Amino acid sequence: MIDISVPHSARIWNYWLGGQDHYEVDRAAGERYRTAFPGITLLARASRGFLTRAVHHLVAEAGIRQFVDIGTGLPTADNTHQIAQRVAPEARIVYVDNDALVLAHARALLISGPSGVTDYVHADLHEPAVILEAMARTLDLTRPVGLILSGVLGHIASHEEARAIVARLLEALPSGSHLALSDGTNVFAKACVAAQQEYNESGAVPYHLRSPEELAVFFDGLDLIEPGFVPCSRWRPGTREPEPGEELDIFGGVGRKS
C-alpha cells in the first residue's frame, strides 16, 4: 500500500531530479525545502553525478562485475545497472529498497540487458542479514561486490547502528569488494540544515545530516581511493561538469576491502 498522505524522500528526490514519479504531497514538501535551501537541486544532481562516476570507476578500473545498490530510490536516467552494463554487459545488479512505489517501478523499469542480470529485493537497511541472504540468490559472494549506499545512511538515526550495519555488510563481502558511499553533511550551508530539520518535522521518515568526519568512519579498514572522501562534485569530476559556485553538503567516496 502506497501512503500518499505524507511526503517520501525517494519521491521528493525524483521531483528534484526532474522525474515524474511523485505526488502533490511530495512536490509541496520539495518546494518548501527548495524555498528554504535553493541549492538542493544542485546537491541532488551532484549526488547522482557521483553515483555515475563511482560505478563507472568500479566497472572500468576496478573490474567489479556485480553490485548491490541499497536505498535505490526511484528509477531515473543512468541507474546503476545501466552504467555498469554499458562497460560490462554481463554485470549483475541487486537493487534494495523498502518503498512500495520504488518496488513497482523497479520491476517495470530496472531491466537488465540480455547478457547481465538485475534483481530487486524489498528489504530494509536495518536488516542486513535479510539483505545478504537475498543477495546470495543473484550474486556470487565469493567474488568482489560493489556495495552502493547513496544518500541512505541518513535514515538511520543512530550513528553507531549505521556503522554496525555497514560493517556487517562489508564483513560478508570478499577481498576486492568496494564501498561507494555518499550522504548528506551539515558543514557548509546553515540553510540546508534548517530545511532538513523542517522536513524531518513534516511526518516523513527523518533524514539525519552528519559531519564528514562522522561519515568517513564508514571507510575504516578500507583502502580509500583517490581523491578520498570529498564533496561529491569534487570526486573525479568530468570535464563537462561545471564546478559549483560553493561547496555542497553532500560528500562521497569509494573504498576497497583488502
Side-chain angles (χ1 to χ4, degrees), residues 46-73 79-81 83-84 87-88 91-97 121 123-136 138-156 158-185 208 210-232 234-236 250-258:
S47 172
R48 196 71 188 180
F50 166 78
L51 174 68
T52 299
R53 299 190 302 278
V55 171
H56 184 271
H57 163 80
L58 292 178
V59 181
E61 299 182 44
I64 300 296
R65 294 296 181 267
Q66 45 183 9
F67 292 84
V68 56
D69 185 339
I70 302 177
T72 305
N79 300 288
T80 296
H81 75 284
I83 304 163
V87 179
R92 305 170 73 88
I93 293 87
V94 173
Y95 290 105
V96 181
D97 209 290
V121 177
D124 194 289
L125 183 57
H126 289 89
E127 301 173 319
V130 174
I131 294 173
L132 289 167
E133 181 181 355
M135 284 167 53
T138 299
L139 308 182
D140 178 356
L141 299 187
T142 68
R143 296 173 53 236
V145 174
L147 170 61
I148 310 295
L149 294 169
S150 180
V152 66
L153 289 176
H155 290 303
I156 307 294
S158 165
H159 188 226
E160 290 308 310
E161 182 183 3
R163 290 187 66 180
I165 289 170
V166 175
R168 175 69 182 88
L169 292 168
L170 286 170
E171 180 185 26
L173 302 181
S175 175
S177 294
H178 286 66
L179 169 66
L181 181 151
S182 63
D183 228 66
T185 56
H208 305 276
R210 295 187 169 100
S211 71
E213 292 77 17
E214 288 176 305
L215 294 174
V217 301
F218 292 112
F219 294 96
D220 284 356
L222 303 180
D223 300 321
L224 199 57
I225 306 301
E226 289 295 332
F229 190 62
V230 296
C232 282
R234 308 290 184 193
W235 200 90
R236 303 191 176 196
I250 186 155
F251 274 60
V254 175
R256 182 184 186 277
K257 181 176 179 179
S258 298

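Please read these numbers as outputs of a predicted model, since none were measured by experiment.
Closest of all the heavy-atom pairs between Ala84 and Ile93 is CB-CD1, 4.3 Å. When all heavy atoms of Ala46 and Cys232 are compared, the pair lying nearest together is O-CB, 3.7 Å. The two atoms that bring Gly146 and Leu58 nearest to each other are CA-CD1, 4.5 Å, heavy atoms only. Considering every non-hydrogen atom in both Ile131 and Ala123, the closest pair reads CG1-CB, 4.0 Å. The nearest pair of heavy atoms linking Ala54 to Ala180 is CB-CB, 4.2 Å. The two residues Val152 and Gly71 make their nearest non-hydrogen contact at CG2-CA, 4.0 Å.
Note: His155 NE2 to Asp183 CG = 8.5 Å, rounded to the nearest 0.5 Å. If you take CZ on Phe218 and CG on Leu181, they are separated by 6.5 Å, rounding to the nearest 0.5 Å. A distance of 9.5 Å separates CD in Glu171 from CG in Leu132, rounded to the nearest 0.5 Å.
Arg236 is listed as a side-chain neighbour of Ile225, based on a closest heavy-atom distance under 4.5 Å. A 4.5 Å side-chain heavy-atom check between Pro144 and Ile64 finds at least one atom pair inside the cut-off. Leu141 is listed as a side-chain neighbour of Leu173, based on a closest heavy-atom distance under 4.5 Å. Using a 4.5 Å heavy-atom threshold, the side chains of Val254 and Trp235 count as touching. Put simply, the side chain of Val121 does not reach to within 4.5 Å of the side chain of Met135, judged on heavy atoms. Side-chain contact between Arg163 and His159 is present, with at least one heavy-atom pair separated by less than 4.5 Å. Counting only heavy atoms from C-beta outward, the side chains of Leu147 and Lys257 never approach each other to under 4.5 Å. The closest side-chain heavy-atom distance from Asn79 to Tyr95 is below 4.5 Å.
A tilted orientation is assigned to the rings of Phe229 and Phe219, their planes being inclined by 30° to 60°.
Side-chain atoms of Asp124 come within 3.5 Å of backbone N or O of His126 as a donor-acceptor pair. The backbone N or O of Glu127 sits nowhere less than 3.5 Å from a side-chain atom of Arg168 that would complete a donor-acceptor pair. A donor-acceptor pair under 3.5 Å is formed between the side chain of Thr52 and the backbone N or O of Arg48. The main-chain N or O of Gly252 is never found under 3.5 Å from a side-chain atom of Ser182 such that the two would form a donor-acceptor pair. Side-chain atoms of Thr185 never come within 3.5 Å of backbone atoms of Ser211 as a donor-acceptor pair (strictly under, hydrogens ignored).
If you check the side chains of Asp69 and Ser150, you find no donor sitting under 3.5 Å from an acceptor.
Around the CD atom of Glu133, the shell of radius 6.0 Å holds no more than 12 heavy atoms that belong to other residues, nucleotides or ligands.
Applying side-chain contact (heavy atoms from CB on, under 4.5 Å) to Leu125 and the options Val130, Leu153, Asp97 leaves one that passes, Leu153.
Listed by chain and number, the residues in a side-chain hydrogen bond (donor to acceptor under 3.5 Å, both in side chains) with His56 amount to none (sequence neighbours excluded). When the side-chain hydrogen bond (donor to acceptor under 3.5 Å, both in side chains) test is applied to Ser158, no partner is found at least two apart in sequence or on another chain. The side chain to side chain contact (heavy atoms under 4.5 Å, CB included) test applied to Arg143 returns Arg65, Gln66, Asp140, not counting sequence neighbours.
Taking the six-membered ring for Trp and the full ring otherwise, the centers of His178 and Phe67 sit at least 6.0 Å from each other.
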